[in-house]
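Since the structure comes first, as structure tokens, the remarks are kept for the end.
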Amino acid sequence: MMPADNHTFFAPVTYILTGIPGTEESHVWISIPFCLMYIATLFGNCLLLFIILTERSLHEPMYLFVSMLAAADLLLSTTAVPTMLAVFWFGAGEISFAACLTQMFFIHVSFLAESAIILAMAFDRYVAICDPLRYTMILTKSVIGKLGLAIVTRSFCFNFPVIFLVKQLKFCRTNLLPHIYCEYMAIVRLACDDITVSIWYGLATAILVIGLDAVLIALSYGLILRAVFQLPSNDARLKAIRTCSSHLCVILMFYTPVFFLIFARRFGHIIPGYILILLANLCVLIPPMLNPIVYGLKTKEILKRVINVFLDSQSQCV
């Protein structure tokens with residue numbers, strides 16, 4: 001790295017989001033699926049929240065965790081996607097330094113919150129299957145409220161240092177940000193001084209927080225499977241597995257692109273930059289869009305209520 005004396009440092013007032021490098025001519029076409037996925041995300045998660053909040057029979061631990069996940073999905077997608085579409089449609093990539101840090105902060109907060117909520121849902125399934133008689137005594141509304149507070153607190157605490165790490169960096173190359181939203185590593189790599197601490201903090205957060213969540217989820221499902229195989233009949237085993245099917249789909253949809261992105265960045269020198277950006281986009285687009293679909297189709301109580309909502313709306317139109 002060049003010595004600092006050879007650079008003119010500056011504090012960036014604004015960043016210019018350039019979009020996905022190498023795909024400029026296709027930005028309009030790329031924006032179409034992004035826009036459709038965002039519309040589906042807004043509609044699906046808002047409908048899910050409406051149904052759970054208005055239907056008293058769904059005020060149970062599992063559905064309360066589903067509503068938390070829907071809220072995190074809305075925050076994640078709404079923080080990132082409008083900026084993406086503005087860059088794609090209007091070339092409006094200029095964003096102030098403060099707004100960029102705010103966007104980056106809330107994207108990472110909602111992302112870590114989703115991981116923690118998925119872990120809490122794994123605990124919910126563990127109690128429901130391994131200790132069903134004490135389910136309502138263990139997962140009371142007070143306990144769920146404390147878990148929700150712990151999830152938010154953990155997400156904020158791990159992301160506050162990110163703001164200070166970025167603010168203390170010295171920038172000298174350019175304020176052109178080769179991305180379609182303000183992403184931590186994309187900002188850090190614009191700095192001229194030593195970014196070792198920033199890189200290691202980002203990597204440590206991914207491994208210690210998201211990695212630990214994934215390990216605990218795997219452990220809970222190991223205990224669940226052991227309890228399932230001890231059930232006396234095949235019907236009981238299938239019923240127990242079906243109660244976990246929605247959550248297992250959510251786990252795969254969330255962690256698969258995340259870990260693929262982590263490993264892809266580890267070998268970033270041999271993977272084109274636009275591939276890494278597209279992977280980062282999938283992490284904020286795919287899970288928020290598919291989560292309400294999975295729970296809407298695989299959870300009969302929610303599916304029944306969704307059908308009733310549409311039937312009621314049709315009858316009012318007639």
Side-chain angles (χ1 to χ4, degrees), residues 40 44-45 47-70 72-73 114-144 147-148 151 210-260 286-311:
N45 285 289
L47 180 61
L48 197 59
L49 279 172
F50 172 77
I51 288 171
I52 293 173
L53 293 177
T54 57
E55 185 65 36
R56 293 189 62 84
S57 63
L58 297 181
H59 292 181
E60 297 179 5
M62 182 181 78
Y63 302 112
L64 294 177
F65 286 127
V66 171
S67 66
M68 290 183 194
L69 186 63
D73 283 337
E114 284 213 22
S115 181
I117 293 167
I118 293 172
L119 173 60
M121 295 168 83
F123 176 67
D124 169 80
R125 292 299 83 202
Y126 165 76
V127 176
I129 292 175
C130 298
D131 199 0
L133 297 179
R134 299 179 58 212
Y135 180 72
T136 55
M137 289 187 291
I138 294 174
L139 288 171
T140 62
K141 289 185 178 179
S142 174
V143 169
I144 294 171
L147 284 174
I151 287 168
I210 297 179
L212 180 60
D213 288 351
V215 169
L216 292 175
I217 289 170
L219 177 62
S220 69
Y221 269 96
L223 297 173
I224 288 171
L225 286 175
R226 187 181 68 175
V228 166
F229 287 122
Q230 291 175 350
L231 293 174
S233 67
N234 287 331
D235 289 341
R237 295 189 195 112
L238 289 173
K239 183 178 179 181
I241 291 173
R242 276 197 295 269
T243 63
C244 299
S245 61
S246 299
H247 186 238
L248 286 170
C249 290
V250 168
I251 291 171
L252 291 174
M253 290 185 302
F254 180 81
Y255 286 104
T256 300
V258 168
F259 285 114
F260 196 78
I286 300 298
M289 179 189 69
L290 294 181
N291 287 343
I293 296 174
V294 168
Y295 276 102
L297 293 178
K298 285 186 168 291
T299 308
K300 63 180 182 180
E301 291 84 359
I302 294 177
L303 180 60
K304 180 180 177 181
R305 182 58 182 158
V306 169
I307 294 171
N308 288 338
V309 168
F310 282 104
L311 289 176

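Just so it is clear, the model here is predicted, and its values are computed rather than measured.
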(request) Specify the closest pair of heavy atoms between Ser67 and Leu49, including all atoms of both residues, with the distance to one decimal. (result) O-CD2, 3.3 Å
(message) With rounding to the nearest 0.5 angstrom, report the CG to CD1 distance, Leu219 to Ile224.
(response) 10.0 Å
(message) Show the nearest heavy-atom pair for residues Arg237 and Val228, with the distance to one decimal.
(response) CG-O, 3.2 Å
(request) Decide yes or no for Glu114 and Asp73: does some side-chain heavy atom of the first lie under 4.5 Å from some side-chain heavy atom of the second? (result) yes
(request) Quick one: pull up CG in Leu64 and NZ in Lys141 and give me the separation to the nearest 0.5 Å. (result) 7.0 Å
(message) Taking side chain to side chain contact (heavy atoms under 4.5 Å, CB included) as the definition, give me every residue that meets it alongside Thr243, ordered by chain and number, with sequence neighbours left out.
(response) Arg125, Ile129
(request) For Met68 and Gly148, work out which heavy atoms get closest and say how close. (result) CE-CA, 4.1 Å
(request) Identify, with sequence neighbours excluded, every residue that meets side chain to side chain contact (heavy atoms under 4.5 Å, CB included) alongside Ile293. (result) Leu290, Leu297
(request) Could you pull out all residues at least two apart from Ser142 that satisfy side-chain hydrogen bond (donor to acceptor under 3.5 Å, both in side chains)? (result) none
(message) With rounding to the nearest 0.5 angstrom, report the NE2 to CD1 distance, His59 to Ile52.
(response) 8.5 Å
(message) Could you report the tightest heavy-atom contact between Glu60 and Ser57, atom names first, then the distance?
(response) OE2-O, 3.5 Å
(message) Just to verify, what does Arg226 make a salt bridge (charged side-chain N to carboxylate O under 4.0 Å, His left out) with, not counting sequence neighbours?
(response) none
(request) Please determine which of Ile151, Leu212, Ile210, Ile217 meets the side chain to side chain contact (heavy atoms under 4.5 Å, CB included) test together with Leu119. (result) Ile217
(message) How long is the straight-line distance from CD1 of Ile51 back to CG of Leu58, given to the nearest 0.5 Å?
(response) 8.0 Å
(message) For the CG atom of Leu216 and the OH atom of Tyr126, what is their distance to the nearest 0.5 Å?
(response) 12.5 Å
(message) Please check if the number of heavy atoms outside Tyr63 that lie under 6.0 Å from its OH is greater than 12.
(response) yes
(message) Ignoring hydrogens, what is the shortest heavy-atom contact between Cys130 and Ala227? Give both atom names and the distance.
(response) SG-CB, 3.6 Å
Return all side-chain donor-acceptor pairs below 3.5 angstrom for residues 245-255, not counting sequence neighbours, or 'none' if the list is empty.
from   : atom 1 : to     : atom 2 : distance (Å)
Ser245 : OG     : Arg242 : O      : 2.8
His247 : ND1    : Tyr221 : OH     : 2.7
His247 : NE2    : Ile118 : O      : 2.9
Tyr255 : OH     : Ser115 : OG     : 2.8

(message) Ignoring hydrogens, what is the shortest heavy-atom contact between Ala72 and Ile117? Give both atom names and the distance.
(response) CB-CD1, 4.0 Å
(request) Report yes if some heavy atom in the side chain of Leu147 is under 4.5 Å from a heavy atom in the side chain of Phe65; otherwise report no. (result) yes
(message) Under the rule for side chain to side chain contact (heavy atoms under 4.5 Å, CB included), what residues qualify as partners of Pro61, not counting sequence neighbours?
(response) Asp124, Tyr135, Leu139, Ile144
(request) I would like to know whether Glu55 and Ile302 meet side-chain contact (heavy atoms from CB on, under 4.5 Å); could you show each step before the answer? (result) CA-CA 10 Å; Glu55 185 65 36; Ile302 294 177; over 6 Å; no
